[in-house]
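Counting from 1, the numbers follow the sequence of the chain as shown.
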Amino acid sequence: MTITITPPARLGRTRLPGGRSLGWAEWGPAAGTPVVLCPGAGTSRWLGFGAGVVDELGVRLISIDRPGLGDSDPDPGRTLSSWPADVAALGLGEVRVVGFSQGAPFALACASAGLARRAAIVSGADEVAFFGEGLPDRVRDLVDFVAADPAGAEKFFGSFTPDALWEMIVPGSPETDRSIYRQPDFTRAYRRAMDEAFAQGPSGYARDTVLAMGRWPYALEEVSVPVDLWYGEMDTGHSPDQGATLARRIPGARRHLVPGAGGAVLWTHAEPILRALLG
């Protein structure tokens, strides 16, 4: 399957009330239904999805750099709970939100805060701190490290580079994902998004990772908007049980386990993801 990645139709920065600015990229019609993308780990606004589909469905896809990544100013001490206010300050009104990979807890923060009308969690990083002992030893050790010494964990994650992140993601992915990640156009787009995300250094990625691996500061059991969870059946890296527990914790959530797919389901199944999100 060949995946097409197109450059953004529009790029910009918006100054927030406190003086910081957020960088963003858009695809699709400017007057379309706003769908906010919370990108995955260590990637910037540059990597979109649904080439052609966003125009067909009338979706205005807006990918936003989180503070300290890409073209967004740092926000020292930021939390998951501060992210919805940043998104709201863009003046998009009520949005639909997509959280890919490490963007999942940020998208769910928007859903919990009542900012999002619907949410799609795609290959979502799970709340691993919720699972207790039911984790691989390596992940359990990292969760314990984040809980015991968040500043030390942030310093540790701050040693990562785009190259290290690429090597962590791609070689260990199932073949169905590697066949996509290694397509020349996709590789160029993905690597560019990583390089842009780390343009200010690794601190934005490090903060994201500590927030994602710690306890999330909102109650999933109280999320009141429709949430669809999308996982490929070959994806064993984003959630300990491919979102089964996450789906039980979110009232009315619908879990889609996609046959034959891996973690790249955001790109391989963009159309059904967006159609479900539009409701």
Side-chain angles (χ1 to χ4, degrees), residues 1-5 37-49 63 65-66 68-72 99-106 121-126 128-129 135-146 149-150 152-214 230-240 242 260-268:
M1 181 180 189
T2 301
I3 301 297
T4 300
I5 300 291
L37 171 62
C38 299
T43 56
S44 72
R45 60 183 176 163
W46 190 261
L47 188 63
F49 74 101
S63 181
D65 287 336
R66 291 187 286 278
L69 287 93
D71 208 24
S72 288
F100 173 66
S101 184
Q102 197 164 274
F106 295 91
I121 302 304
V122 186
S123 306
D126 211 326
V128 287
L135 294 170
D137 290 344
R138 181 183 62 84
V139 178
R140 178 75 262 161
D141 289 345
L142 285 174
V143 169
D144 290 343
F145 183 20
V146 168
D149 184 8
E154 198 162 334
K155 183 177 180 180
F156 167 74
F157 292 123
S159 66
F160 276 66
T161 65
D163 287 342
L165 196 58
W166 177 263
E167 290 302 319
M168 186 173 70
I169 294 170
V170 176
S173 295
E175 176 57 32
T176 185
D177 285 338
R178 293 198 303 273
S179 68
I180 292 166
Y181 295 151
R182 289 174 172 161
Q183 291 175 20
D185 287 347
F186 192 95
T187 298
R188 281 191 291 270
Y190 206 134
R191 293 304 301 259
R192 175 175 182 170
M194 284 183 167
D195 289 341
E196 288 192 349
F198 281 77
Q200 301 179 60
S203 58
Y205 163 75
R207 184 65 178 172
D208 269 7
T209 304
V210 167
L211 295 178
M213 296 197 73
W230 297 84
Y231 288 90
E233 67 171 356
M234 307 297 290
D235 178 12
T236 59
H238 288 102
S239 168
Q242 298 172 311
V265 69
L266 180 70
W267 295 281
T268 61

### Task
Would you name the heavy atoms of Ala104 and Ile121 that are closest together and state the gap between them?
CB-CG2, 3.7 Å
### Task
Quick one: pull up CE in Met168 and CG in Leu165 and give me the separation to the nearest 0.5 Å.
4.5 Å
### Task
Using modelled atom types only, decide if a donor and an acceptor are shared between the side chain of Gln200 and the backbone of Ser72 within a distance under 3.5 Å.
yes
## Note on the structure
Taken to the nearest 0.5 Å, the spacing of Trp267 CH2 from Ile3 CD1 works out to 9.0 Å
### Task
With the side chain counted from C-beta on, respond yes when Val265 and Asp235 share a heavy-atom pair under 4.5 Å apart, and no when they do not.
no
### Query
Does Met194 reach the side chain of Ile169, with side-chain heavy atoms less than 4.5 Å apart?
yes
### Task
Could you grab the distance from atom CH2 of Trp46 to atom CG of Asp195, nearest 0.5 Å is fine?
12.5 Å
### Task
Could you check if a side-chain atom of Arg45 sits within less than 4.5 angstrom of a side-chain atom of Pro39, using non-hydrogen atoms only?
no
### Task
Walk me through it: do Asp185 and Arg188 pass the test salt bridge (Lys or Arg N to Asp or Glu O under 4.0 Å)?
CA-CA 5 Å; Asp185 287 347; Arg188 281 191 291 270; 2.3 Å; yes
### Summary
Of all heavy-atom pairs linking Met1 and Thr268, the shortest is CE-O, 3.4 Å
### Task
Give a yes-or-no answer on whether the side chains of Ser239 and Asp126 include a donor-acceptor pair shorter than 3.5 Å.
yes
### Task
Assign the ring pair His238 / Phe100 to parallel, tilted or perpendicular, where the plane angle (0 to 90°) is split at 30° and 60°.
tilted
### Query
Do Gln102 and Thr209 have side-chain heavy atoms sitting under 4.5 Å apart?
yes
### Task
Could you tell me whether Arg140 and Asp137 have a side-chain N and a carboxylate O separated by less than 4.0 Å?
no
### Task
Can you label the angle between the Phe198 ring and the Tyr205 ring as parallel, tilted or perpendicular, going by 30° and 60°?
tilted
### Query
With side chains defined as the heavy atoms from C-beta onward, is the minimum distance between Val146 and Leu142 less than 4.5 Å?
no
#### Entry: Taking every non-hydrogen atom, the tightest pair across Ser101 and Ala41
OG-N, 4.3 Å
### Query
Hey, are the side chains of Asp163 and Arg191 touching, using non-hydrogen atoms and a 4.5 Å cut-off?
yes
### Message
I want to check something: taking the side chain as every heavy atom from C-beta on, are Pro240 and Leu135 in contact at a cut-off of under 4.5 Å?
### Response
yes
### Message
Would you call the rings of Phe160 and Phe157 parallel, tilted or perpendicular, taking 30° and 60° as the class edges?
### Response
tilted
### Task
Keeping the roles fixed (side chain from Tyr231, backbone from Gly124), state whether a donor-acceptor pair exists under 3.5 Å.
yes
### Query
With sequence neighbours left out, which residue pairs that include part of residues 164-173 fulfil the side chain to side chain donor-acceptor pair (under 3.5 Å) condition?
none
### Query
Roughly how far apart are Asp208 CG and Thr43 OG1, rounded to 0.5 Å?
9.0 Å
### Task
Drop me the distance from Asp65's CG to Cys38's SG, to the nearest 0.5 angstrom.
11.5 Å
### Message
Quick check for you: to the nearest 0.5 Å, what is the distance between Ile5 atom CD1 and Arg192 atom CZ?
### Response
12.5 Å
## Note on the structure
Correct closest heavy-atom pair for Ile180 and Ala264 would be CD1-CB, 4.1 Å
### Task
Taking all heavy atoms of Gly232 and all of Gln242, pick out the closest pair and write down the distance.
O-NE2, 3.4 Å
### Minimum heavy-atom distance Pro174-Gly262, with the two atoms named
CG-CA, 4.4 Å
